[in-house]
Amino acid sequence: MSEIKKEWNFTLPVNFLKYEAYLSEMNKKGWKLKKKTWMYLHYFEKCEAGNYKYEMEVFEKPITKEEELSLISLYHDFGYELIFQGGLQFFFRKKIEENEAPEESVRELNEKWTRMKAVYKVYSFSFTMALFYLSQILFHFLTSTNSLLLTIEIVFFVLSSPFLIAIFHGYISYLKMDKRFREKYK
Amino acid sequence: MQDNIKKIYSPMTESAFYILLCLKKPNHGYGIVQQTKELTEGEIIISPGTMYGTLSKMEKDGLIQFVKEQETRKIYIITELGEKVLEKEMNRIIRLYANVREVIRNERD
């Protein structure tokens, strides 16, 4: 059985430039992505250290088995192997030869961000919902006279806070990436 | 509907243009990349992500159609609508080129 390492990393896939670089860096150290959970926890499997280029694909809606095979086959043609699929995210990697510089053109990066942006625009909606939820909680804190109800609300708020933080983090990352592309890559 | 599609694809990204151009004959994703690389002398290399995304979108918009599957590769060909969109884009490029030439010629004279 291969060795597994758990690692928390707070870079979100929406920041795909940094995220793919992080996965490549781990592979350089001899750790290949095995799976990831939505709450920042990554599982890496011990592998031969080497230079690999990572590519991530995300979809807005579930794709059919046939589309999935077509995607994997296309990536395979380009020399990539699928290393992990979680929900609507697919992670591929490709061995990079020592002298090969895996540079992507600005055009390619822009096209990738256009695809990613369509998927991660969901953060805008989640952010609006989270703000609405927070305003409701705050209103109840200020107006409620029932101590039992107030306690329940505080417990509920504490329990939901990791999700709220994740939503805010996601939305900020999304805005930062969008700004970066508007200023640097356009 | 067709007019709307024509507007969406004009102006076209370089990747989309070469994908449509290479699908004048039946071809698959990787074949398109190879042909594009040859046509542009290696200047344009389409990534698998862009290829998959563009092929899916073009198929959905009716610009290309699935022909058959060869091993695990999907073969596509341009449709009549795709031809019209490509022609519109080619005319736009020809006009651009003609305008640039005229301006440069006038500057020289």
Side-chain angles (χ1 to χ4, degrees), chain A residues 13 16-17 19-20 52-83 85 88-96 100-120 185-186, chain B residues 7-23 26-61 63-77 89 93:
Chain A
F16 72 93
L17 296 170
Y19 194 74
E20 288 171 355
Y52 280 84
K53 177 168 167 48
Y54 276 75
E55 278 284 340
M56 194 186 83
E57 277 299 324
V58 277
F59 293 92
E60 216 174 336
K61 293 172 196 156
I63 57 170
T64 62
K65 198 75 199 160
E66 195 190 317
E67 287 170 329
E68 198 181 301
L69 289 175
S70 169
L71 175 79
I72 297 167
S73 159
L74 187 62
Y75 264 90
H76 182 77
D77 280 344
F78 285 75
Y80 286 85
E81 57 169 322
L82 175 72
I83 54 153
Q85 182 203 340
L88 304 176
Q89 295 177 336
F90 292 76
F91 293 86
F92 297 91
R93 70 169 192 170
K94 178 190 180 181
K95 183 117 176 87
I96 301 294
E100 200 182 334
E103 294 249 329
E104 273 173 307
S105 67
V106 170
R107 175 184 49 81
E108 281 291 340
L109 289 176
N110 269 313
E111 288 187 355
K112 184 156 187 173
W113 177 237
T114 307
R115 294 199 305 276
M116 301 277 278
K117 209 175 155 179
V119 176
Y120 287 110
Y185 293 116
K186 284 284 171 191
Chain B
K7 274 180 199 163
I8 291 172
Y9 284 92
S10 184
M12 211 180 267
T13 63
E14 269 179 309
S15 310
F17 180 81
Y18 281 106
I19 289 172
L20 270 188
L21 189 67
C22 295
L23 285 177
N27 210 344
H28 52 75
Y30 194 62
I32 297 168
V33 173
Q34 298 299 95
Q35 205 181 331
T36 304
K37 207 172 158 182
E38 260 178 53
L39 285 169
T40 62
E41 290 168 349
E43 206 170 295
I44 292 180
I45 299 167
I46 305 169
S47 74
T50 300
M51 179 58 72
Y52 185 82
T54 313
L55 286 176
S56 305
K57 191 173 184 313
M58 283 182 170
E59 191 184 11
K60 205 173 82 188
D61 290 339
L63 266 60
I64 59 170
Q65 66 182 45
F66 171 72
V67 180
K68 61 176 178 176
E69 206 165 292
Q70 207 173 61
E71 291 166 21
T72 51
R73 289 167 169 166
K74 276 182 161 184
I75 312 279
Y76 295 94
I77 194 163
E89 186 63 4
I93 296 168

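Heavy-atom basis, side chains included; hydrogens, waters and symmetry copies ignored. Lettering of chains follows the sequences in order, A, B, ..., and the numbering in each one begins at 1.
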Applying a strict 4.5 Å limit to non-hydrogen atoms, the region of A/L69 in contact with chain B is neither
Roughly how far, to the nearest 0.5 Å, is CG of A/L71 from NZ of B/K74? 10.5 Å
How long is the straight-line distance from CG of B/L55 back to CG of A/L74, given to the nearest 0.5 Å? 7.0 Å
Would the distance check show the side chain of A/S73 and the main-chain N or O of B/T72 forming a donor-acceptor pair, the cut-off being under 3.5 Å? yes
Rounded distance (nearest 0.5 Å) linking atom CZ of B/R73 with atom CG of A/D77: 4.0 Å
Please flag which part of A/Y80 lies under 4.5 Å from any non-hydrogen atom of chain B: side chain, backbone, both or neither. side chain
Sub-4.5 Å side-chain heavy-atom contact between B/K57 and A/R115: no
Name the residue from A/K112, A/E55, A/E108 that meets the side-chain hydrogen bond (donor to acceptor under 3.5 Å, both in side chains) definition with B/S47. A/E108
Toward chain B, the part of A/F59 with a non-hydrogen atom under 4.5 Å: side chain
Portion of B/I45 that has a non-hydrogen atom of chain A nearer than 4.5 angstrom: backbone
Is there side-chain contact between A/E67 and B/Y52, with at least one heavy-atom pair below 4.5 Å? yes
